[in-house]
Amino acid sequence: MAGVLERSYIEICGFERESVLRFRQITLNLGVGLHSGGVKYADSAGGFSYEDSGKLLSVTSNRFVHWSTSGDTVQFVEQSLDTNLLNNAVRLRIPNCLLLPGGVCIQETLNNIIILIVTSQSVHRLVLPHPTRMYRSDLVTELQMQSIFTDIGKLNLNEPAHSYVLPFAQGTQTTAPSTSAGWISHQGEALFALASPSGAITVVTLPAHDQDGLSIVIFLKQSSMMQRLAGWMPTAIRGDQSIPDLAISLAVHQLEDDTFIFALCQDHKLRMWSLKHQMCLLVTDMLEYMPAGRGEVKASPALAHKLRLFFSSSIGLCLAIYLAVPKRSQFCVLQLVASENNRYSLDHISTLFTTQETLVDFVLTATDIWAVWLDNDNQTVVKYISFEHNTTGMWNQVFVQPSPEEEVHVGEDQDPREIYLDVLFSPLRFTASAIIKALQIYKRDTERYSDLSWEELKKEVTVTLENELQGSVTEYEFCQEDYHLLQVEFWSKFYACCLQYQDVLSTPLALHISPATAMVCVLKKGFVSFLLPCFAIDHLYLSSDDYLISEEETPIAEEMSRDVLQLVHCLRMVNESLPEDMAYEMEKALEDLLSPEKVSEKVLEGLLASDNGNVIQDITNKLQDINNPIVAINMLLRELDLETDAETDSRHTGQSLRVRISLSQLYGSSVAASLICQAVCQIAMTRTLICRDLLILQQLYLRIGDNRHLLAENGSQLLQLQQDLISRCSNLLCTYHLLKQMSLTLSSSVPLDILNADLQHLSVLELSDSTTPTSRRSVLNPQTVVELFYQNVARKAIMSQIFSQQDVEGNQTMLHWPQMISSVLTLLCQFLWPSNPSFLFPECLMLNCQYTQLQEYVRLVGPWCQVNVGSYRFVLGQCYLASGEGQKALQCFQEAAAEVDKEEFLMKLTGSVEEAATTTAPRLLYYNKVLRLLEDIGLPELVIHLATLAISEAANDERIQAALWTRIFKHHLDLGHNSQAYEALTQNPDSSRQLDCLRQLVVVLCERAQLRDLVQFSFVNLHDEVVSIIESRARAVDLMTHNYYELLYAFHINRHNYRKAGTVMFEYGMRLGREVRTLRGLQKQVNCYLAALSCLRLVHPDYAWIVQPSSGAAYERPGTSPKRNYDGEFAANPVSQQIDILELKDLEKEYVLARSRLTLAQQDPPSAAIAGGASSQEMVALLVQTGLFDTALTLCQTFNLSLTPVFEGLTFKCIKLQYKGDRDQTEVWNWLAANQLPTVITTKDSSATDEAWRLLAHYLEKYPSQNAQYHRCVLNKLLSHGVPVPDWLLNAYKEVDAAALLRLYLNYDQLESAAELVLEYVDALLGKGHQYFGIARPLSATASLVWLPYTSIDQLLRNLSESQINEKNLKDKLSEYHRLVDQSSRHRLMAR
């Protein structure tokens, strides 16, 4: 398909598959009645192409309007091959006004599109805006455009400017016109020519749409002319008019200032009327151009003759007249020639004969006549012929789209429902309209299904057929065979119904040829089909025998034309002799990936075995007539092979924005996409048959050679055939089968969430070229995967390649349809060709998430394609990933790695093209991309496996190895494989990455509470790093949520480094005391100090010390940025402080203090925040205040503090209890219970006050002091508050220091108590109760010396005298004492 075209064309249907085209309904009610007699006109159609439709840079490029009429309804559809048009379908109904043949005409002015409509009772003019006026410039960037019919609903069609009722048509049947024509004059007037059954030609003129005026009616007749204004009508028309003068076909042409109306009449005569002069200028008998049988033809009136015109400035005005004569129909082409005095004549150019019977329509062009017929079997026949350069009179073929097969083959092992659904809903077969109509008939209802989507319609058909099937079953049990037959019966019935309506919709109505682009369309009842040029190889294979015999040469091989034609003839014979079951066997073999060579050999055996009609012998004889069959076969294979080495460049080099936008839209509509991709499918189907038949023919030729004793030359040819040509043909057969399958495979509609997720995963591949899926989705949905590829990727590359060497703006490039569509098809097939370097098609499927279709594509291409092998394995791996088959995907990715540096797609994937300057191996870049993909999808096991494989490839690249080991570590850690993660960490050659991994390992294991693994790892050569990491983490994170200190403690304990462990726990405790002043924090602090003590006690006493951790800079994390001052300068480093050494006793003190804080917090939780930072002295006060006297006393003893605050505090509490009583028993008993009493009094008389005094007495007894200072402070406290001193306390203090007690009494003015104390004390000295005052021996001559506190006593006496208290007893007692002292003293002196 190297651009070699033949003269024939092939028909491709352009119908929409998804749903019925939605027409806007407009009804124009003129209030006229129906003609009596039931006049009916045949359905008709026509088309209009814009004048600039062939210009690339025009808004109207490749844009046209087609219409069809039926009864009183006309349908308009505007279509564009470049852009999808919105609101482009209108159905106009004019009740009781039947559309005439030729009754629709569309003409173009600078600002408007004007539609002229002629009915049996009215004429109409619709004025619509020109597309160029709907947009401000030709630079249109929208993906969709508004049609000219968008605002047609705003027109008031009943206005005189738009509608005019024919006054002479409101009567009987005889007044109904037979045919018509319409046109716009140079002055903008709308003119309508109607052929009256009476023989006159009526011309109705409406004033220009933007001018006021009256409608004018003119009657043209041979004998006279009459004219009237609208509203006046004569009762009769005089003159000699006969029925043979009735015009059966009208045509109009404007020439300078005159308008010529050509009328082909029933008397076989052509008449030319001048509208300006209102007279007939020319009458020609068309029978004169018939070679024979004129008399017979003349006797019968002409009913089916047709007239067409063509005008060009180069050749002038040409007329083509079709004379419908049974079995002798002919076309006459005449040229109008003007002479002097306004005399005209017709020159005969050509007469062309045809054997076809029923002409539907024909079109005259500058060189050709195109015609469409219906044959005797009601099948469409389209042909064309050159009327100037045709010597043989042979019409050129158009291979029309065949009807869907009448019967569907269903195997015994196949599900009928699936088979029939595949046929009904696959491309190229049925329109949605046919299926919907069949469904309505089958269900016997009138429900509308036009709004159903393609999938919903498919479901509706399935449900309907299944319900019908179930409703017909009367037995409860069915054998499998009977049920299978019943299914086939129901489905075949519905299929026949669809087939019937599809045939009706396929009925041709007209031909339309665009003058600007030479695009030929066949307008049918239900859709439009397009004619595409046929390539030479397809032309030869599809041509009938008559045409093939008439071929003298072929552009495939001009020197070997005869041999090639003979070879193709043999191929056709093979095709005709191949039974249906063998053809199906070949098809199934290709689908099942069996060897085509072996299957073709088997098929040949079957043909030889069943050759009853000696067909194979005839083929053999024909084959032997070929002079050089090997060369001919080679030429055919070369023509079939689309492999190319040319690199495609899709860049728009040096083109303006306007040109690039136009190229981006060219052939971009859904209609064009469907049309082009159906053409690819048709080509692939035809060439699959060619390759199949050629393969069988080669096997036959090989068999012929084996049965002969050949010369050496022939032997070498057979060897070439066996070793080269057969395998090439086999590969071509597989390739075209692949193209055919992809052209018939529908794309999947991917849910948006899944699409976004898949695209997110694919984004890591960084395939940022034009293959990236766009948001532009075809209106045609579902579309085939080839359409998807064409729309998203191929079209842009194709247009760039076609126009890359052209000056588009300077030359005003014309879009010649045959050339353009042939180039597009050739390039698209080359892009799809799997043996070409381009990998755009599979890449597009992958990026559009068409994984099922891509998997099937790779399956079909795998066994025989040796190009892009690695790329196919990669995209297959992507398919497996999408379906959740990770292990299969990994296997594919590994297999693809071998081709990374050889294939363009994989090189683009790895970025090795851009990174050619780097030293990294392409395979390592590939592994990196795949690893990123697997990571993004979330398959850590596969990442580990592939990364391990990649490490062996990166033996000499430490940087890559480090990255791979880091990946392995990360995913092992994520999976909980702690040992494997540690092993990967130790293997990492990069120390910085190793440190990062180590840090991550520590953090993650701590978060997972898997500390045993972390502590037990050996960390060879990484011990200090581990400690540093844990320390930095410990000092950086919250103490209460992470346990890094405890981890570090366990780490050191596990390695018997007890002093380090003690240091860690002491630092932990210090920070807890500073940062976490809560009950829980205090508990942890106590435990930390206790653990630190335990650690140091395990160390030798000489080493049982630690360095006190300092605050501030010591806690700065490593790697933090340097601090700055207010001026932005770097702050000076703090001066190093003196190092403090803590010994075991120091830790014990800290432990006791912490324990005291905890005890306080447990007793009084709100005080925890205060106690956390309190010193030992402050803690004593807090403990005393709370009533924790035992703890306070312990703390005082530990820190060598005075116990006085404790005794004063307890005394004060006793005083409060003494006065307030036992009202708040709970609180009192709580703090009493927190202190340990020596004995427990269980008597009922014991109260909290008593217990408090007992506790005080116990403490005074337990903690003796020098000179009983604690007793003194207690007494001092009691006396200061005026509380009576308990006897036990007085007795205890009297025994220790009675003089001090006396002084206390005096200090607090307790004179009576003081006097009583002196009396008792004197008695004690004198021997009465001396033991109560601690006096060993009373006063005597032999006893030790005794004394009295005379100063205090004198002070007492003075105070007594001043207070007027009787001091006589005291003085008497003192006098007696003095006397005895004197006596004793004398005795002692005497004793000396």
Side-chain angles (χ1 to χ4, degrees), residues 41-42 44 100-102 174 176-181 193-202 219-223 239-253 260-274 279-310 317-337 343-364 369 371-373 385 387 393:
Y41 298 104
S44 63
L100 296 182
T174 57
S178 58
T179 187
S180 63
L194 296 86
S196 172
S198 60
I201 296 177
T202 305
F219 294 91
L220 301 179
K221 38 188 285 190
Q222 283 183 295
S223 58
D240 184 16
Q241 293 292 334
S242 59
I243 296 300
D245 296 340
L246 174 64
I248 57 175
S249 184
L250 292 177
V252 178
H253 176 69
F260 297 141
I261 301 175
F262 295 89
L264 185 58
C265 303
Q266 283 188 351
D267 58 0
H268 311 284
K269 292 180 181 180
L270 175 66
R271 293 175 173 84
M272 184 179 80
W273 293 84
S274 169
M279 61 183 296
C280 183
L281 302 181
L282 178 66
V283 177
T284 302
D285 189 355
M286 297 309 301
L287 297 182
E288 294 177 1
Y289 299 101
M290 290 189 64
R294 300 177 185 174
E296 181 182 350
V297 174
K298 190 172 184 178
S300 58
L303 299 176
H305 294 351
K306 295 184 184 298
L307 168 65
R308 298 290 184 268
L309 302 182
F310 178 81
L317 181 63
C318 291
L319 296 82
I321 295 94
Y322 173 71
L323 301 178
V325 179
K327 298 181 182 179
R328 287 182 294 161
S329 297
Q330 67 180 46
F331 292 89
C332 293
V333 182
L334 309 174
Q335 185 175 19
L336 182 67
V337 179
R343 294 188 178 274
Y344 296 89
S345 62
L346 294 174
D347 285 354
H348 180 264
I349 297 177
S350 177
T351 298
L352 307 167
F353 298 94
T354 175
T355 58
Q356 301 295 332
E357 293 299 324
T358 307
L359 179 72
V360 176
D361 188 25
F362 78 98
V363 176
L364 176 66
I369 291 178
V372 56
W373 292 269
I385 192 170
F387 57 79

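- Residues Asp347 and Val337 come closest through the heavy atom pair OD2-CG2, 3.1 Å.
- In terms of heavy atoms, Ser196 sits closest to Leu246 at O-CD1, 2.9 Å.
- For the atom pair CG of Leu282 and CZ of Arg343, the computed distance is 11.0 Å after rounding to the nearest 0.5 Å.
- Smallest separation of non-hydrogen atoms from Leu250 and Ser180: CD1-CA, 3.9 Å.
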**Request:** For Asp361 and Lys306, run salt bridge (Lys or Arg N to Asp or Glu O under 4.0 Å): C-alpha distance rounded to whole Å, both residues' side-chain angles, the deciding distance at 0.1 Å, then the answer.
**Result:** CA-CA 8 Å; Asp361 188 25; Lys306 295 184 184 298; over 6 Å; no
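- Atom CD1 in Ile261 sits 11.0 Å away from atom CE in Met272 (nearest 0.5 Å).
- Separation of atoms CD (Glu288) and CG (Leu270) is listed at 11.5 Å; rounding is to 0.5 Å.
- In this structure, the side chain of His348 does not engage the main chain of Leu334 through any donor-acceptor pair within 3.5 Å.
- Between Leu346 and Leu336, the closest side-chain pair of non-hydrogen atoms falls below 4.5 Å.
- Looking at His305, its side chain never comes within 3.5 Å of a backbone N or O of Met286 through a donor-acceptor pair.
- With rounding to the nearest 0.5 Å, the separation of CG in Leu194 from OG in Ser178 is 9.0 Å.
- The shortest distance between side-chain heavy atoms of Cys265 and Arg271 falls below 4.5 Å.
- Not a single donor-acceptor pair under 3.5 Å links the side chain of Gln330 to the backbone N or O of Pro291.
- Across Ile248 and Ala302, no two heavy atoms sit closer than the pair CD1-O, 3.6 Å.
- Judged purely by atom type and a 3.5 angstrom limit, Ser249 has no side-chain atom pairing as donor or acceptor with the backbone of Leu264.
- The main-chain N or O of Tyr322 is never found under 3.5 Å from a side-chain atom of Ser329 such that the two would form a donor-acceptor pair.
- With rounding to the nearest 0.5 angstrom, the CG atom of Leu309 is 9.5 Å from the SG atom of Cys318.
- In this structure, NE2 in His268 is found 8.0 Å from CG in Asp285, a value given to the nearest 0.5 Å.
- Nearest approach of Phe362 to Arg308, heavy atoms of both residues: O-NE, 3.0 Å.
- Pairing each heavy atom of Tyr289 with each of Cys332, the nearest pair is CB-SG, 3.6 Å.
- Annotation: Phe387 is not in aromatic contact with Phe331 [ring centroid separation under 6.0 Å not met].
- Partners of His253 under the side chain to side chain donor-acceptor pair (under 3.5 Å) rule, at least two apart in sequence or in another chain, do not exist in this structure.
- The pair Lys269-Asp245 does not meet the salt-bridge criterion, since no charged nitrogen lies less than 4.0 angstrom from a carboxylate oxygen.
- Within the 4.5 Å cutoff, side-chain heavy atoms of Trp373 are placed close to those of Thr354.
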